[in-house]
Structures are given as C-alpha cells and as structure tokens.
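In the text below, chain A, chain B and the rest are named by the order of the sequence lines, each starting its count at 1. Hydrogens, waters and symmetry mates play no part in the numbers below; they use all other heavy atoms, side chains included.
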Amino acid sequence: MPELPEVETVMRGLKPHIEGAIIHDTVVRHHQLRWPISSTLRDCLYQQRINELTRRGKYLLMRVDAGTLIMHLGMSGSLRIVTHTTPLNRHDHVDIIFSNQKILRYTDPRRFGALVWTVDNPYNHVLLKSQGLEPLELDFTANYLKMRAQHRHIAIKPFIMDSKIVVGIGNIYAAEALFLAGIHPSTPAGLLTELQCQQLVNSIKHVLQSAIKQGGTTVKDFINSDGKPGYFAQQLTVYGRAGLPCIQCQAPLSASKLGQRSTVFCINCQPMIGL
DNA sequence: CAGAATACCTGCGGGC
DNA sequence: TGCCCGCAGGTATTCT
C-alpha cells in the first residue's frame, strides 16, 4: 500500500499519540508476517517508553530504551490508534497497548509487512544498512542520480524504485514523477542526460512533497492513523489512467509491464530519447 | 556483478 | 450466482 508519502503521513499522525507513552502490554494474534514476529517481543516492549518515532524510507522506527521496533507496512498494512472498545477485525494482527489506554493496532491482510525487533543501532540492521538516499534530503541530486545510473542498462522506472539507489518511491510515484519529468519509463538509466536527471530529481521531490501535503494517496483503502484517506489520488496524472486521455496532449495513455509492474505513460509527452 | 524472475498472502473485480 | 484468472501500493531471495 504505502509509499514514502503514506508512511510519512502515518508517522506524523501517530507521533503525538505514542511518543512518551509507556507500553503496558503487547498482543500478537498472528505472528507470521513477512518474517515471524519475535516470540519475545512482548517481554522486550514491556514497560518501555516510546522515545521517538521516525521514518527511514518506507520503514518506521519506534525507539524505546531497550531497542527499536522496525516496522514496515508492506502492500496492505496499516497502523491506527484505537481503544479497547474498537471492534477487532480479521487482519488485526498486533496490538501495542499503552498505559494511557490508547492502543496502536497493526492490521495487514496480505501480511507482506514486518515488525522486527533489534537492540542494536537500527541503521546497521540488515534491513536498513543498504538503503539509498532519502529523496527529500538535499544530498539527493541530479549528480548523484547521474553517477549511480552510469553504465546501468536497467529501465529508469525500476531503477528509481530500487531502494538501494533512493528510498520510498513505489509504483505510483515512479510513474507520476516520470510523467512530470517527461521521461519514458523504459529509458535505460545510463542514457539519461544531465538535464533529464535534473528534471527527474526535481519531479520526484515535487511529487512526493505534494503527496505528503495531501496526506498521501488513497487508491483503494489507504487510511492514515486517524482513519482518514489521503487526497493525492485526485492529482494522479498517469497512475491508474491507462487508456484515458493524457492531461497534457489528450492522447490515450499507454500501458506496459516493467519489472513485473504495471506502468502507464504518455507516448507523446514522455518520448524515448537516445534509442 | 547486473538484471530478471520468484516468492510471500489475501481480496477484489471482470469474464464466462 | 459462482468459479477462475489476473491484478494490487513491496521487497528479500533466488535464478541466469
């Protein structure tokens, strides 16, 4: 489900509820997520104070005195603040219960998400240590992209979706950024010009920032921690619009598969250059 | 090493 | 109505 703007939205919504709170109990109803939830998680979190909730790429880091809970929402995960009177649904796999009566509830139908406990520096954890740059940080530049793309034959769309290069960009925002930059999604990464790299970096930053302002994108069922949808879906230009008219030139948008992922683009506004 | 394919899992919509 | 197929916001792992 969530790409960077959705994870950022979840983090911002959760922060005021859980930072400073003390964990009273943890209930794991289904421990088989992407990896099994540690059987000692309840003991690890017992009586711990949440010092900080942060985001790295699409991962959320919940830091307590004893360590850090690394959380990922996969394709269909969500985190919400609920109370003990909130009805329990089929895929509500984990509750973290605070002494202030609030409950942080992890829900994930497809169970592609993860809750991983670590006592070490989370940035050295195998899940995080090879993550690429944060796209909204200043060090994510056209120069960086150009350098990393050199001699790479992979199409630019899966390239910018590779978290070892830059984190947080999934199928929706990759398509949107490429349209905004006027770059064909199949362009071999290494063939991008300096100008195209600059346009792509600008577009990525712009698309992600606008989406965060709108509270993320609700395609199907994304809800933030307060149970509200995101409103960026109204501004999607290509994602989910195959066959519909391009907002710039009115030609029907094309669809293809790239790295097993559906890809929508405009054959006029995103010409293939260099081939 | 790069790049592609596969695996994980449930739910939904479309076609028949 | 009901069954089967393909597809869905992700990414670690396995293959060629």
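In this structure, the CG atom of A:D108 is 16 Å from the P atom of B:dC8, given to the nearest Å. When rounded to the nearest whole Å, the span between CD of A:Q260 and P of C:dC7 equals 10 Å. Atom-to-atom, CG of A:D162 to P of B:dC1 comes out at 14 Å; the value is rounded to the nearest Å. Atom CG in A:L73 sits about 16 Å away from atom C1' in B:dC9, given to the nearest Å. For A:H91 and B:dC9, the NE2 to C1' distance is 9 Å, given to the nearest whole Å. We find that NZ of A:K157 is positioned 14 Å from C1' of C:dT11, with the value rounded to whole Å. Taking atom CD of A:Q32 as the reference point, atom C1' of B:dC8 lies 10 Å away to the nearest angstrom. Between the CE atom of A:M161 and the P atom of B:dA2 there is a distance of 19 Å, given to the nearest Å.
Listed nucleotides: B:dA4, C:dA12, C:dG9. Nearest to the side chain of A:N171: C:dG9. The A:F112 side chain lies nearest to B:dC8 when the options are B:dA5, B:dC8, C:dA12. Closest to the A:L127 side chain, of the nucleotides C:dT11, C:dG9, C:dA12, is C:dA12.
Within the 4.0 Å cut-off from OP1 or OP2 of C:dT11, at least one side-chain nitrogen or oxygen of A:H72 is found. Note on A:K257: every side-chain N or O is 4.0 Å or more away from OP1 and OP2 of B:dA4. Distances shorter than 4.0 Å separate none of the side-chain N or O atoms of A:R34 from OP1 or OP2 on C:dT11. Taking 4.0 angstrom as the limit, A:R261 places a side-chain polar atom (N or O) nearer than this to OP1 or OP2 of C:dG10. Neither OP1 nor OP2 of C:dC7 sits under 4.0 Å from any side-chain N or O of A:S262. Between A:Y239 and the phosphate of C:dG9, there is a side-chain N or O to OP1/OP2 separation shorter than 4.0 Å.
Between the base of B:dC9 and the side chain of A:R111 there is no donor-acceptor pair shorter than 3.5 Å.
Using a 4.5 Å heavy-atom threshold, the side chains of A:M161 and A:N171 count as touching.
Of the inter-residue distances, the one linking A:L145 atom CG with A:I160 atom CD1 reads 8.0 Å to the nearest 0.5 angstrom. Atom CG of A:L136 is separated from atom CD of A:Q209 by 5.0 Å, given to the nearest 0.5 angstrom.
Checking C:dC15 for Watson-Crick or G-U wobble geometry (two distances, each under 3.5 Å) identifies B:dG3 as its partner. B:dG15 is paired with C:dC3 under the criterion used here, namely a Watson-Crick or G-U wobble arrangement in which both key atom distances are under 3.5 Å.
Rounded to whole Å, the separation between the P atoms of C:dC7 and B:dA5 comes to 14 Å.
Across all strands, A:Y59 comes closer than 4.0 Å only to sugar-phosphate atoms, never to a base (heavy-atom distances).
Checked by atom type and distance alone, the side chain of A:R105 never pairs as donor or acceptor with a backbone atom of A:D92 at under 3.5 Å.
For A:I267, the CD1 atom sits in a loose shell: 12 or fewer heavy atoms of surrounding residues, nucleotides or ligands are nearer than 6.0 Å.
Taking the six-membered ring where the residue is Trp, A:H93 and A:Y106 present tilted rings, their angle falling between 30° and 60°.
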